[in-house]
Every structure is written in structure tokens, then in C-alpha cells.
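For reference, the structure discussed in these notes is given below.
No experiment lies behind these values; they were computed from the predicted model shown.
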Amino acid sequence: MRAAVIEELGKPLVVKNVPGPECAPDGAIIRVGANGICRTDWHLWTDDWSWRGLAVKPPFVLGHEFSGTVEEVGRDVKGWKRGDRVIFPMNPGEGACEWCRSGNQHVCDSGALLVPGVSYWGAFAEYVAVRYADVNLIHLPDSISFTDSASMACRYMAAFHGIVDQATVRGGEWVVIHGAGGGMGLSAVQIAVAMGANVIAVDISERALATARDVGASHTINSRIDRPVDAIRTITRGGANVSIDVLGIAETCRNSVLSLRKLGRHVQLGHTTREETGYVSLPIDVILLNELRLYGAFGMQGQRFGTMLAMCEAGTLSPGRVVQQRVRLEEVTGVLEKMGMYGTTGIVVIDQF
């Protein structure tokens with residue numbers, strides 16, 4: 001099969017023919033229909049997450065945000081067959097730990113070992129292997145294309161989980177998205193709007209902010225020009241009900257918390273970088289006195305996809321509008337380089353292998 005291979009970290013990926021993956025008894029082989037290029041791929045390609053024990057060893061194939069068609073199933077798989085259209089969530093479970101048994105396989109104890117493109121060769125390729133197919137695979141309706149659905153495996157579903165399940169956003173509330181121009185940010189804007197919220201998008205790029213307006217943001221703030229916390233408090237007359245940090249750097253995380261009104265909810269969607277190494281100082285007294293609530297959101301369990309997919313089929317959600325660029329395998333390196341400079345807008349999808 002053709003794949004874009006890391007032969008040296010931080011260097012251009014090499015597109016070449018490599019052996020295809022093997023199918024585990026509990027797993028499946030997926031012919032990749034489309035794969036989003038995620039900021040996690042950038043973190044791994046640049047070795048930015050080695051401090052947290054997440055590092056890949058060349059040669060390696062990235063890619064964890066994909067949808068496609070079942071090509072082969074293992075002998076123990078009961079629920080899937082060749083030709084089925086599927087999504088594979090980026091945080092799978094093995095089905096037996098206490099979290100999986102309680103319906104929370106997205107925080108499975110073994111999940112980190114099961115992620116293609118992170119723990120083993122992934123979907124920057126024509127085919128990818130997945131484990132525990134009966135536990136994790138999700139049926140993709142015929143009405144939703146592979147390109148539109150690729151981001152559902154990671155950024156779009158994480159934004160949905162954070163906004164709908166964790167923050168329980170309600171119609172008429174003020175929701176702020178810090179770092180709104182990337183794939184996660186635009187997904188969050190669109191989903192919050194669909195829930196009836198008044199959405200404020202914050203970013204440093206005018207192009208990103210224009211795209212955020214296109215997907216429904218009612219207000220935008222360029223944080224290179226304006227002080228976002230002050231601007232948000234002016235627009236909302238006191239602060240947002242929900243504020244979301246999709247970037248994961250210290251500035252956006254603190255701004256998110258400080259943007260909230262009393263009893264507000266902060267949602268953390270973005271991972272930190274080597275600079276923060278997992279820790280960001282927060283205004284604890286403000287959190288205490290205003291009784292703020294802080295939530296994390298990491299992916300989403302498979303059984304919750306039904307609601308999200310139904311909203312897509314009904315036209316309430318349109319993940320395809322968040323896709324801003326389609327590329328070939330040979331173009332992946334250029335996209336990763338731009339990500340390091342926050343030079344991409346929305347979701348970039350590989351759809352030509």
C-alpha cells in the first residue's frame with residue numbers, strides 16, 4: 001500500500017509503498033476513505049509530546065482521524081463485514097475495564113495502546129488496522145461522505161462531547177471559543193451555534209475569524225488587537241456562560257477562565273505543548289468566589305455518535321463546512337509545517353491516496 005512515512009522526526013514525510021497491515025482476530029482492516037490532519041499529528045511529528053511519554057519511533061505512519069470502508073474482519077468479529085462504511089474513534093476501548101463497562105470506553109485504561117497513528121502505524125495510508133472492532137466501530141450513514149466525516153473521529157466528536165455532554169450548552173447562552181480558527185475551534189463554533197448559543201470566536205487570524213463567522217459565530221475578537229477578556233465582558237455584559245480553550249496554551253486557558261461570568265463553565269479541549277508540560281496556572285480565587293466549573297473533554301464514546309450523526313443527517317450539523325482543504329499524501333508535510341505556525345484554517349483532509 002502507499003503511505004506517507006516519517007523516516008526522520010521533523011523532516012518531510014516520504015510517500016512510498018510499504019507492507020499492508022495485518023488483521024487481528026478482534027480487529028478489522030479499513031480502506032481509508034479520508035483522514036484529517038490533526039494537531040496531534042504535528043505534536044508527534046515534531047516530538048513535542050515526548051515529555052508526556054508520547055513519542056513515535058521512525059519509520060512511522062501517522063493518522064488517527066479517519067473514516068472508510070471495512071476491507072477485512074478478524075475471525076472473532078461478529079458485528080461487521082466487508083464493505084461496511086465506518087468511523088473509528090481516536091480514543092478506543094477494549095471493552096472490559098471498569099470504564100468500558102460503564103459506557104465510558106473513551107477513557108479506557110488501555111486506550112492509549114489502541115490508537116492508530118499514535119501507538120502503531122496509522123491512516124496516512126491506503127489501509128489501516130483497528131482493534132476491538134465490535135467495541136469501537138461506528139456505522140457511517142450513506143448520506144455522509146468520507147471527507148465530511150473524517151474529523152468526526154477526533155476533533156469534531158471531542159467538540160461535540162465538550163459542548164453537549166460536558167458543558168450542557170443551552171439555547172441563548174453566551175459561548176466563547178478561544179483559538180477558534182483550527183479544526184477543533186471551528187467545529188466547536190458550529191456545534192455551539194447548533195445548540196442555540198450566541199458564539200464569540202477568538203483568534204489571532206482575520207482569515208480564521210472570517211471563517212468562524214461563516215459557520216455561525218455572531219461576534220469575533222482578534223486577540224492581537226483587542227484584550228479578549230475585556231472584549232468578552234463588554235459584549236456579554238458580564239462574562240460568558242461557557243468558555244472553551246481549544247488550543248491548550250497558557251494564555252488561552254487563563255483567558256477562557258477569566259472570560260466567565262459567575263457560575264460559568266470552562267471546557268478544556270486543547271492539549272498543552274512542551275512549553276506548558278501539562279501545567280497552567282489558573283486564578284484559583286476567581287474560580288472559588290465565582291463558583292466556576294471546569295470540565296475536560298477527551299473524544300467521545302461510540303454510543304454517543306448516534307445523536308451527532310442524526311443531527312448531521314438532519315442538516316443541523318454540517319461538518320463538511322469545517323473542512324477547508326483537501327490534499328494528497330504528497331502534500332501532508334506542507335500542512336504539518338503550516339500547523340507549527342498556526343497557518344492552517346479549519347480541517348485539512350487527505351482524500352487522495
Side-chain angles (χ1 to χ4, degrees), residues 1-6 13-38 41 56 59-95 105 110-111 113-154 156-157 299 302-303 305-306 309 312 319-320 323 326-330 332 347 349-353:
M1 68 175 184
R2 276 167 48 85
V5 182
I6 295 176
L13 279 61
V14 178
V15 178
K16 61 181 182 180
N17 287 315
V18 298
E22 296 184 0
C23 188
D26 58 37
I29 303 298
I30 309 300
R31 177 190 287 271
V32 181
N35 189 113
I37 303 174
C38 181
D41 298 312
V56 299
F60 194 80
V61 177
L62 297 168
H64 60 277
E65 188 180 68
F66 61 91
S67 58
T69 307
V70 175
E71 185 74 12
E72 178 184 352
V73 296
R75 64 174 182 269
D76 298 335
V77 175
K78 306 299 183 185
W80 302 96
K81 65 182 184 306
R82 189 174 188 270
D84 286 342
R85 303 175 80 247
V86 295
I87 304 170
F88 186 78
M90 64 86 184
N91 48 348
E94 39 71 48
Q105 59 268 36
S110 301
L113 304 176
L114 305 174
V115 185
V118 178
S119 54
Y120 63 91
W121 281 27
F124 283 10
E126 292 182 282
Y127 298 94
V128 64
V130 300
R131 294 291 308 278
Y132 300 101
D134 282 332
V135 176
N136 297 297
L137 284 179
I138 297 145
H139 171 68
L140 177 65
D142 291 339
S143 61
I144 303 175
S145 73
F146 292 132
T147 299
D148 289 0
S149 62
S151 67
M152 289 185 190
C154 181
Y156 204 86
M157 71 169 180
Q303 67 268 19
F305 271 70
L309 290 170
C312 292
V323 176
R326 302 179 182 186
V327 299
R328 299 174 291 114
L329 277 178
E330 289 82 0
V332 172
I347 289 171
V349 170
I350 306 166
D351 65 352
Q352 301 167 62
F353 296 89

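Side-chain contact between V70 and I30: present, with at least one pair of heavy atoms (C-beta onward) separated by less than 4.5 Å. Between V15 and R2 there is a side-chain heavy-atom pair separated by less than 4.5 Å. Looking at P59 and W121, their side chains come closer than 4.5 Å, going by heavy atoms from C-beta outward. Proximity of V327 to I37: side-chain heavy atoms (C-beta onward) are separated by under 4.5 Å at one or more points. Counting heavy atoms from C-beta on, the side chains of C23 and V73 never come closer than 4.5 Å. V32 has its side chain out of reach of I350: every pair of non-hydrogen atoms, C-beta onward, lies at least 4.5 Å apart. For the pair M1 and V18, the minimum side-chain heavy-atom distance is below 4.5 Å.
Between V135 and E94, the shortest heavy-atom distance links the atoms CG2-O, 4.1 Å. Nearest heavy atom pair, residue P319 against residue D148, reads CB-O, 3.5 Å. The minimum heavy-atom distance linking I144 with C312 is given by the pair CD1-CB, 3.8 Å. Scanning all heavy atoms of the two residues, the minimum distance from G117 to L62 falls at O-CD2, 3.7 Å. The two residues V115 and H64 have their closest heavy-atom pair at CG1-CB, 4.1 Å. Among all heavy-atom pairs drawn from F88 and P116, the shortest one is CE2-CD, 3.7 Å.
Atoms CG and CZ, from L329 and F124 in turn, are 8.5 Å apart once rounded to the nearest 0.5 Å. For the atom pair N17 CG and E126 CD, the distance stands at 7.5 Å (nearest 0.5 Å). Atom OH of Y132 is separated from atom CG of L137 by 14.0 Å, given to the nearest 0.5 angstrom. Here OH of Y120 is found 11.0 Å from CG of L113. Values are rounded to the nearest 0.5 Å. Taking CG of L140 as the start and CE of M152 as the end, the distance is 7.0 Å to the nearest 0.5 Å.
With N136 contributing its side chain and G93 its backbone, the two residues share a donor-acceptor pair below 3.5 Å. Between the side chain of T69 and the backbone N or O of R31, no donor-acceptor pair lies under 3.5 Å. Remark: side-chain polar atoms of Q105 are not paired, donor with acceptor, to backbone N or O of G95 under 3.5 angstrom. A donor-acceptor contact shorter than 3.5 Å links the side chain of R85 to the backbone of P141. With hydrogens and angles disregarded, a donor-acceptor distance shorter than 3.5 Å links the side chain of D134 to the backbone of K78. Checked by atom type and distance alone, the side chain of R82 pairs as donor or acceptor with a backbone atom of E71 at under 3.5 Å.
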